[in-house]
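Residue numbers run from 1 in the order of the sequence given.
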Amino acid sequence: MALAFFFALLAQRVSFVGDELDAETLERMRERAVFLQEQMTLQWQHVENVGQSWMGIRAFLSSVLPYWKVYSLLERMREVFLRDEEKQQEKQQEQEEKQKEVEKEDLFFADLLWPVESHQSNCRLVHFLLSGVIDFFQYTLADTFYPVPERAIGVGSAYEDWSPPENEPVYCLLVPLMAPRGHVFHLDLGTPGVLPSRNSRIRVDLECTCGREQQMRMKCFLHTAWRKLGNQRPSLLHELCTGSYLDTEKTARWFQALIEDAWKRLRFPKPYRLNAQARRRSCRLRLTDFDQTVYLVNILFGVQQDNTDIYLNSQEIQVGSVPSTTWPQTCAVAEAKFFQHVASHAEESNFYVRHMQVAAYIRAGLHFSPYELKTVLMHLLTAIPLESWKGRYFLLRVDDIVRYLRCCVEEKRLNHFFIGNEDVPAEIILPQEFRASQPLNLFQHLVQDPGRQEQALQEVEELQDRLASLLIYGK
Ligand SMILES: [Zn+2]
């Protein structure tokens, strides 16, 4: 019975109060618990009589809230103080029976609680438009010595489909850059052993092309006299680098000018007005279509690390000021690939979206970052079989997210998903050092500052209350 399951879950929301109680008090509580159980049963029978519309269910839950709150508190106290083997076996049996009921239950669809609002059609549109531009660049830049952009990769919340519905999505695309003919990118990964690297750089070297002049349609930069090079200039090195290192700001400005020019020359099926603005290290596009719908697009640039799913990228860095030649490592492409991998192995491709949307919704104003919640979700998606994420298990899985987060805060440890984690699917190609590394603790700040752990624990309580409120009242 769906509501019985709902009760079981909601009952767990009530915080346990660990005061010591004597046997007489416990007995009185036990009697009270039995009484409340009877009251709840009566209320439930009433609901069954009036029908099971969603509004009816919510009204019912509101009416019995005081009962289940008190009841569940008493029950949890009993569990702690009367813990013996017989009780444990009894509890296990109850849980198995409850699980069987849930298995049979198809009434409780996740869509009823949290219908997914998807931006996927807009994601595809933005990707389509940018792909057209990138194809054009590949054609026009083929005979130059500027970097060659490759097909953009959709990354981040809009493309992973978990933007909070009320927020205007920003469609984030990472444009991989390839070195042009006669140039090589060397990745300088910064401080050894520090992952993901924050101070990595991309050194641009010229390479010898002697003997391949005809095939590469160029003279060797290294072994041809300067005056014999004619108009052939190493544009990448001269215009987009600082010293020998690729410069994020120069790259962003170059791309902005490039896309503005391309937009005038390209004709799309429908007219889209483009406003391109080079931000410090990325490029922000504002696309407006014929009916004034606006699409905000953020273009990042990246260079792939070997053939892995890890890139050095031009993401904006908020903490402190860093040189414009800094290209931090990013796992954004690996994350996108992970969610694609999960989707391809599940019956419902975007089943995880509503879990992330709920998490994003209830965290508003709290200190847990979307990335921390996404990390929790990724760990759970590899730990719990995908068939157990179906609609009827929606509440259990949402509950798992908050419980997992609570455990992490209590233990002051949330491991980075891609570093030192042997559960990362083999389809995700990671650098050897990522797999061989010790796990990276994203909650290290809680270890260093006990005050922050206390605050985080309070915020987990707040998350649990908000989740209960969302499930009962829908807001
Ligand atoms: Zn040469």
Does one side chain, of Q357 or Y352, offer a donor that lies under 3.5 Å from an acceptor on the other?
no
Testing the 3.5 Å rule here: is there a donor-acceptor pair between the side chains of D306 and T308?
no
Does the gap between the ring centers of Y272 and F290 come in under 6.0 Å?
no
One should read off an interatomic distance between Q138 CD and E150 CD, to the nearest 0.5 angstrom, of 6.5 Å
Does the distance from a Lys or Arg side-chain N to an Asp or Glu carboxylate O, for R406 and E461, drop under 4.0 Å?
yes
Should R233 and E239 count as an ion pair when the cut-off is N to O under 4.0 Å?
no
Any side-chain heavy-atom pair from V184 and V204 closer than 4.5 angstrom?
no
CD of E168 to OH of Y295: how many Å apart, nearest 0.5 Å?
11.0 Å
Interatomic distance, CG@L296 vs CG@L287, rounded to 0.5 Å, equals 8.5 Å
Test item: D423 side-chain N/O and A383 main-chain N/O as donor-acceptor pair under 3.5 Å
no
Give a yes-or-no answer on whether the side chains of Q256 and Q277 include a donor-acceptor pair shorter than 3.5 Å.
no
Does the ring centre of H341 sit less than 6.0 Å away from the ring centre of F339?
no
What is the distance from atom CG of L285 to atom CD1 of I259, rounded to the nearest 0.5 Å?
4.5 Å
Do D247 and S324 get their side chains close enough for a donor-acceptor pair, meaning under 3.5 Å?
yes
Is the distance between the ring centroids of Y171 and H127 less than 6.0 Å?
no
Tell me whether the centres of the aromatic rings in Y146 and F137 are closer together than 6.0 Å.
no
Over all atoms of both residues, closest heavy-atom pair of Q464 and V402
CG-CG1, 3.3 Å
Hey, mind stepping through V424 and N421 against side-chain contact (heavy atoms from CB on, under 4.5 Å) and telling me if it holds?
CA-CA 6 Å; V424 176; N421 178 14; 3.7 Å; yes
Are R201 and Y245 in a cation-pi setup, meaning NZ or CZ lies under 6.0 angstrom from the ring centre and within 45 degrees of the ring axis?
yes
Do R198 and Q329 have a side chain donor and acceptor closer than 3.5 Å?
no
From W327 atom CH2 to L312 atom CG, the distance as rounded to the nearest 0.5 Å
8.5 Å
Could you check whether any side-chain N or O of R435 sits under 3.5 Å from a backbone N or O of I429, counting only pairs where one atom can act as donor and the other as acceptor?
no
State, yes or no, whether a side-chain contact exists between Q232 and M218 at a heavy-atom distance under 4.5 Å.
yes
What I want to find out is whether D135 reaches R151 closely enough, with some N-O distance under 4.0 Å, to be called a salt bridge.
yes
Validate the cation-pi geometry between R181 and F145: distance from NZ or CZ to the six-membered ring centre under 6.0 Å, angle to the ring axis within 45°.
yes
Atom CG in L395, atom CG in D400: separation rounded to 0.5 Å?
11.0 Å
Is it the case that the ring center of F394 lies less than 6.0 angstrom away from the ring center of H355?
yes
Count the heavy atoms of every other residue, nucleotide or ligand shown that sit under 6.0 Å from CE of M178, and state whether that count exceeds 12.
no
So Y159 and E335, side chain to side chain donor-acceptor pair (under 3.5 Å) or not? Walk me through it.
CA-CA 11 Å; Y159 277 89; E335 287 158 17; over 6 Å; no
Residues E249 and R280 bridged, charged N to O under 4.0 Å:
yes
Count the heavy atoms of every other residue, nucleotide or ligand shown that sit under 6.0 Å from CZ of R286, and state whether that count exceeds 12.
no
With a 6.0 Å cut-off (strictly less than), is the heavy-atom count around CG of D291, excluding the residue itself, greater than 12?
yes
Regarding E316 and S282, is there a side-chain donor-to-acceptor distance under 3.5 Å anywhere?
yes
Are E207 and H183 close enough that a side-chain donor and a side-chain acceptor fall under 3.5 Å?
no
Is it the case that the side chains of R413 and N415 hold a donor-acceptor pair, with the cut-off being a distance below 3.5 Å and no angle test?
yes
Taking only Lys NZ, Arg NE, NH1 and NH2, and the carboxylate oxygens of Asp or Glu, determine whether D205 and R203 approach each other closer than 4.0 Å.
yes
Is the cationic atom of R354 (NZ for Lys, CZ for Arg) positioned less than 6.0 Å from the six-membered ring centroid of W389 and within 45 degrees of its normal?
no
Under 4.0 Å between a Lys/Arg side-chain N and an Asp/Glu carboxylate O for K264 and E260?
no
When L414, L377, V409 are each screened for side chain to side chain contact (heavy atoms under 4.5 Å, CB included) with E372, the one that passes is L414
